[in-house]
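Heads up: the structure comes next, in structure tokens.
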Amino acid sequence: MSVLARVFEEHGIATVTIAMVREHAAKVKPPRALFVPFFFGFALGRPCDPEHQRQVLRSAFHLLKATEGPVLEDFPDDSSPAIMPQASQVDADAEQAKRSAADEVTALRAFYERWLDNHGGRTAVGLCGIPQRRFRGVIRFLEACATGDDAADMDERPDGVSRPQFIRYCVDDLKAFYYEARMEQHQDADEDSLHRWFWGSTAAGKLVADLAATLNQSEDPVLRGAAYGLAR
Amino acid sequence: MPRLETLSELQRRTLEFFPCLEHDDTPWVALDKPLSKCKVALVTSAGLHLRDDQPFTRDTPGGESTYRLIPSDCDPSDVVQSHFSIGFDHTGIYRDLNVTFPVDRLRELKDRGDIGSLSDNYYSFMGALRDASTVINETGPEVACLMKAEGVEVVLLTPT
């Protein structure tokens, strides 16, 4: 972000940057930057808290009053750091290995659709192009990939999207489907409990972790690249 | 981001050794009027795009340096994210797009008169690029020219 701020300013447009890594902003020197002490993914602080987000924006726009730069100020907030556990850091519960991801998808569908109804249709699902009502097919595809079947594919994979890239889109959609359904089911669930539920209790979490492990063992560097970040 | 000293050694070293550019000075545009008279645009590096637009991809060597246009009057339900960084928590944006891409908050500020007007178009890039040269030399200036042509005077930049 900071490099873009410099580019825009060089073209005559004043900029205000929200910075997540103070040390990087201090090096790149965007003209005006507000460092926020929130975890990656929470640039404006707390989700669904408009007043808190407005405070961040007011602090950012306040930097426009400076008469010279670079300006790097800290947003005052005592939020403790959020920790995002990855799959390998979560203990599986005793039942996880016995569960079926395809059955989970069917069971979670009602919660996911209620999430859509309650959020004006807003959903992070939508990268792979396959409607959620056909996610059992996505599960079968990912299960085949996790066993090392390099020929496994889906007719729905768009032209121009590589198979490794398509695997990533499928996994991202599956995660979003599970998390949104869970957030509808347990509306007070915090981030940590959501991650621990997905990686430690669901068959889909185990499937994604197994898939990442398989891809990481591939001799194909592109497939190994697709594994990057799957299991977190 | 929490301060580096609060992170694990692995996280801290990853961020410390990220190849970000280092500068001695900064470009500067003096803003000669209040925000309430300015046209504002939003630019993000969160890898966002419209649902029917081309997702960002890992297939480009060195990172994805293209950008996507998102109309400022977009329906938030039409915006999705295909960011490939492993280091951020998606649950925030699952709950509320505004935590990364504050479309509703900017509309409120405009309606209250705190912002003069909003640009017709916002822009989205992929962040966490290890090689930003194409963004600096090509796509960034391209977006700057598009915003200049629209009369944008202030840009708010948000990461993920």
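Sequence lines set the chain letters: A, B, ... in the order given, protein chains first and strands last, and positions in each chain run from 1.
For A:Asp153, the salt bridge (charged side-chain N to carboxylate O under 4.0 Å, His left out) test picks out A:Arg157, with sequence neighbours left out.
Formation of a donor-acceptor pair under 3.5 Å by the A:Lys29 side chain with backbone atoms of B:Thr26 is not found in this model. With A:Glu9 contributing its side chain and B:Val29 its backbone, the two residues share a donor-acceptor pair below 3.5 Å.
Here A:Arg54 is the residue among A:Arg58, A:Glu180, A:His119, A:Arg54 with the most heavy-atom pairs under 4.5 Å with chain B. Per-residue heavy-atom pair counts under 4.5 Å with chain A were compared for B:Val80, B:Val155, B:Val143, and the maximum is reached by B:Val155. Of the listed residues (B:Pro34, B:Pro76, B:Ala46, B:Ala41), the one with the most heavy-atom contacts under 4.5 Å to chain A is B:Pro76. Counting heavy-atom pairs under 4.5 Å between each of A:Gly12, A:Gly121, A:Pro31, A:Ala43 and chain B puts A:Pro31 at the top.
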Q.
Go through it in stages, so that I can follow the logic: the residues are B:Trp28 and A:Val71, the test is side chain to side chain contact (heavy atoms under 4.5 Å, CB included), and I'd like the CA-CA distance, side-chain angles, deciding distance and then a yes or no.
A. CA-CA 10 Å; B:Trp28 187 261; A:Val71 179; 4.2 Å; yes
Q: Evaluate side chain to side chain contact (heavy atoms under 4.5 Å, CB included) for A:Thr123 paired with B:Arg51, printing each intermediate quantity in order.
A: CA-CA 10 Å; A:Thr123 176; B:Arg51 190 171 295 281; 3.5 Å; yes
Q: Give the intermediate values and the outcome of side chain to side chain contact (heavy atoms under 4.5 Å, CB included) for residues B:Tyr94 and A:Met183.
A: CA-CA 9 Å; B:Tyr94 290 165; A:Met183 289 189 287; 3.4 Å; yes
Q) Can you check side chain to side chain contact (heavy atoms under 4.5 Å, CB included) on A:Leu57 and B:Leu156, steps first, answer last? A) CA-CA 9 Å; A:Leu57 288 178; B:Leu156 172 68; 3.5 Å; yes
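Counting heavy-atom neighbours within 6.0 Å of A:Glu68 CD, excluding the residue itself, gives a total of 12 or less.
One distance of note links NE2 of A:His11 with CD of B:Glu142; it measures 10.5 Å at 0.5 Å rounding. Taken from CE in B:Met147 to CD1 in A:Ile13, the straight-line distance is 4.0 Å, to the nearest 0.5 Å. The structure places CG of B:Leu157 at 6.0 Å from CZ of A:Phe8, a figure rounded to the nearest 0.5 Å.
Both the backbone and the side chain of A:Ala66 come within contact range of chain B, with heavy atoms under 4.5 Å apart. Looking at A:Asp190, the atoms closer than 4.5 Å to chain B (heavy atoms on both sides) all sit in the backbone: N, CA, C or O. With a 4.5 angstrom heavy-atom cutoff, B:Leu31 touches chain A only via side-chain atoms. Within the 4.5 angstrom heavy-atom criterion, atoms from both the backbone and the side chain of B:Ile136 approach chain A. Neither the backbone nor the side chain of A:Val56 has a heavy atom closer than 4.5 Å to any heavy atom of chain B. Contacts of B:Asp24 with chain A are made by backbone atoms alone, with heavy-atom separations under 4.5 Å and no side-chain atom involved.
For the pair A:Tyr169 and B:Thr57, the minimum side-chain heavy-atom distance is below 4.5 Å. Here the side chains of A:Val3 and B:His23 are not in contact, with every heavy-atom distance at 4.5 Å or above. The side-chain heavy atoms of A:His195 and B:Asp89, taken from C-beta on, include a pair separated by under 4.5 Å. Counting heavy atoms from C-beta on, the side chains of B:Thr91 and A:Lys175 never come closer than 4.5 Å. B:Leu109 has its side chain within reach of A:Phe61: a pair of non-hydrogen atoms, C-beta onward, lies under 4.5 Å apart.
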Output side-chain donor-acceptor pairs under 3.5 Å for residues 95-104 of chain B, partner residues at least two apart or in another chain, one line each.
unit_1	atom_1	unit_2	atom_2	d
B:Arg95	NE	A:Glu191	OE2	3.4
B:Arg95	NH2	A:Ala189	O	2.8
B:Asp96	OD1	B:Asn98	N	3.0
B:Asp96	OD1	B:Asn98	ND2	3.0
B:Asp96	OD2	A:Cys48	N	2.7
B:Asp96	OD2	A:Gln53	NE2	2.9
B:Asn98	OD1	B:Val103	N	3.2
B:Asn98	OD1	B:Asp104	N	2.8
B:Asn98	ND2	B:Asp104	OD2	2.9
B:Asp104	OD1	B:Arg107	NH1	3.4

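Shown are A:Val36, A:Ile18, A:Thr17, A:Val21; of these, the side-chain contact (heavy atoms from CB on, under 4.5 Å) with B:Pro159 is made only by A:Ile18.
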